[in-house]
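Here's the structure, in structure tokens; my notes come after.
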Amino acid sequence: MSTMVENRRQMGITAPPPPLRRRRRWPWKSWLLFLLFAGPNVALLIVFTYKPLLQSLYYSTLQWNIGSATARQVGLGNYIDWFTDPTTAHVVMVTVVFTIATVGGGMVLGLALAVLLNRRLRGRGAARTVVVAPYVLSGVAVGLLWLFVFDPNFGICAALLRAVGLASPDWYNDPQWALLMVIVVYLWKNVGYVALVYLAALQTVPADLLEAAALDGATPFHAFRRIVLPLLGPTTFFLAVTTLLSSLQSFDIIQAMTQGGPLEGTTTMMYQIYQEGFQTGRAGYSSAVATILFVVLLLVTFVQMKYVEKRVHY
Amino acid sequence: MSVVPATNLNRRRLLQLAALLGGTATLAACGGPAVGGSGETAQAGATDWAGITPAKEITWWSNHPGASKAVEEELIKRFQAAEGIKVNLVTAGANYDEVAQKFQAASGANNIPDLVIASDVWWFRYMINGQILPLDGLAKHLEFNTDDFNKTLFDDYNFSGNHWAVPYARSTPLFYYNKKVWQAAGLPDRAPKSWDEFDQWAPKIAASAGVVPLGLGKGTSWAAWWFCNILWGRGGAYSKDWTMTLDTPEAIEAAKYVQKLIFEDKTAAVTAKDQVADFGAGLTGCTLASTGSLSGILKAAQFEVGTGFLPEGPKGQACPTGGTGLAIPAKKSPEQQLAAAKFLKFLTNTENTAYFSSNTGYMPVRTSARDGATMAQVYAKTPQFRTAVDQLQTTRVQDWGRVFVPGGDKELTTALEKIMLQQADPSSSFATASSAIEKSFEQNVKSYL
């Protein structure tokens, strides 16, 4: 080998210098493939998600009547207005109550239904369909339907209460009853989703673990609490994140049933964004509320990821 | 296992992220309003209409007030036959607010119609946003007779010396009563002339018929509308021009009177969902509802319905106008605008006004239509309609604080609902509403005027 090199040197042939960087093979092909598969999605995300998000952030610094071609820069004015507005505390309270009731209630009811539907019962298939069906219905249609159910004069609810000698609550004129009404309807519509996901998770719980626990003398309650619930941890975590996000963004049922009333008793932050943006026409203020809600959602998700997930065993 | 994939944020990634955000931010800055402007109300007289040829096709956004889709389609058919201009009728919402919301949102994208519904609480916002055209120049060019319009209804759209819309489906609140209930209570077959008279009649109605004497409606676009009657009838007002006047003794007294009816006398109740439905179902003896509801009430009620003027207050008769007009967007081409104006002229001529009113129950907006043969037949067949038309003479233009300030109606509705549902103190409820409306005026109207 050394002789060959010596001979080449003598012939005036020198070895090429080693490449500074190893050249990638056909990198443009990879890029082309990436663009082909990811490009459309990335473009859609930029146009329909990230651009509107940043636009909304920009609009939140403007005093802008929706529809007007001109606006005025007000910096953080809209944010200051929202934090100092006397109705803000009320809207936040309604949002918190609605969210806790729909997320907490939905998880408990959904799990209970899933446990029930996981048993070998007659008509189980039909029952599962009935429980899940409302989830796929339109929120507006569900809201309009339940308006009849809760009608204090002609509704089924009033008729049932009259049958036992009670008067119907003033669902449409009392803010507290109105909030309870939309919570009940929201739960009815969405509990099927939670039940469905829990049901799928329950079916992955190894039967031998439960049999072993039974042989060791564990009661069904203890087996559920000590074995099933911990194994459902990842599902519970997943559901907590998704149902919380969808609850904070709920709009259709409130719009169909109460339009945020009476007395703003069912005005959540999401509904306030719509009211301010499209009814009052204050697009800048509405964008500021949307940004605040966005930050709240980010923080809540971050906290869930950071702290709650650590307690989940996969 | 972690839900979030682990990523190392090195310098290159940071630069990529910054580039992505920067690019998207640049995109975000594209479009949207021009910052720093002081409003751009469309100017009259800028176009020489004599040199313009009307377009051959236009689009009209409507919510078909009073279930009028078939009526509007028939009018379009007649117009196309007469002028050869095609009109695309678009259902742009279920009510005035939905059409307005769509129109506002579409303005940013310039995907707007050539003619649009402009209700009493929306047209002014269209105007200050520079979205609609002043119509006086076009009317003059087309020899569009506007003197024949009911003066109050036409002047509702008058601001800064121009008319920004023309009346179309216009209405007023009306007093509806159940004749069967009236008969049972031994009352004369007419509406009470004044609220004092109603106070005398109401206990008889409650005692003999076992129904709530008066059903009152709530909600935006409604509560603050009918309350004009009681407020103005006692000498109060929501505002005088841009100054809120809800702190006057007259305004407070008007609110206290409503509270007396509901909480002390128990002769009135705020209905749960819809005061018209409750009245039609016989749950209340009488109600205040729009004249636009007349046809529906007459069809739905299982009893004979009487109508009358809204009761007078101590300071006399007081009735607001409502409903919608039609406006032409400012950003369309002159050819489109001219074609839309020709259609507007056709739609609101004497014959078509009478056709629309007789089929929907809305007010005949032209004097010639009101007094014409078509409407005479309607009055003969449905005398209740005549009451609604006669009441037009007692109407007055609405207070600016309610209809011109964004959020004005909503704030007033909230105040009235607190007063009617929670027996809240009228002074503090009105003060809260006034403060919010004044702030909204400063922020959303003043700089645009």
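A note on names: the letters A, B, ... follow the listed sequences, proteins ahead of strands, and every chain is numbered from 1.
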Measure [X] against the heavy atoms of chain B and call it side chain, backbone, both or neither at under 4.5 Å.
X	result
A:Leu62	side chain
A:Gln63	both
A:Pro175	side chain
A:Tyr274	side chain
A:Asn153	side chain
A:Tyr285	neither
A:Leu57	neither
A:Pro262	both
A:Gln259	neither

Considering only heavy atoms, which portion of [X] lies under 4.5 Å from any heavy atom of chain A: side chain, backbone, both, or neither?
X	result
B:Lys410	side chain
B:Asp409	neither
B:Gln422	side chain
B:Lys439	side chain

Going by distance alone, is a donor N or O of one side chain under 3.5 Å from an acceptor N or O of the other, for [X] and [Y]?
X	Y	answer
A:Tyr79	A:Ser60	yes
A:Thr61	A:Gln73	yes
A:Gln272	A:Trp82	yes

Quiz prompt | Side-chain heavy-atom pair A:Tyr172, B:Lys218 within 4.5 angstrom cut-off | solution = yes
Quiz item: Any side-chain heavy atom of A:Ile273 within less than 4.5 Å of one from A:Val289?
Solution: yes
Quiz prompt | Residue, of A:Thr280, A:Val74, A:Leu147, that accumulates the most heavy atom pairs under 4.5 Å with chain B | solution = A:Thr280
Quiz item: Which one of A:Asp170, A:Asp81, A:Asp85 has the most heavy-atom pairs closer than 4.5 Å to chain B?
Solution: A:Asp81
Quiz item: Do other residues, nucleotides or ligands put more than 12 heavy atoms under 6.0 Å from the CZ atom of B:Phe441?
Solution: yes
Quiz item: Would one find more than 12 heavy atoms of other residues, nucleotides or ligands at under 6.0 Å from atom CZ of A:Phe251?
Solution: yes
Quiz item: B:Arg402 side chain to B:Val121 main-chain N or O, any donor-acceptor pair under 3.5 Å?
Solution: no
Practice problem: Locate the shortest heavy-atom distance separating A:Gly139 from A:Asp252; write the atom from each residue and the value. | Solution: CA-OD2, 3.3 Å
Quiz item: Can you tell which of B:Asp97, B:Thr220, B:Val270, B:Ile112 has the highest number of heavy-atom pairs within less than 4.5 Å of chain A?
Solution: B:Val270
Quiz item: When B:Trp400 is tested against each of B:Tyr238, B:Phe124, B:Trp242 for ring pair (Phe, Tyr, Trp, His ring centres under 6.0 Å), which residue passes?
Solution: B:Trp242
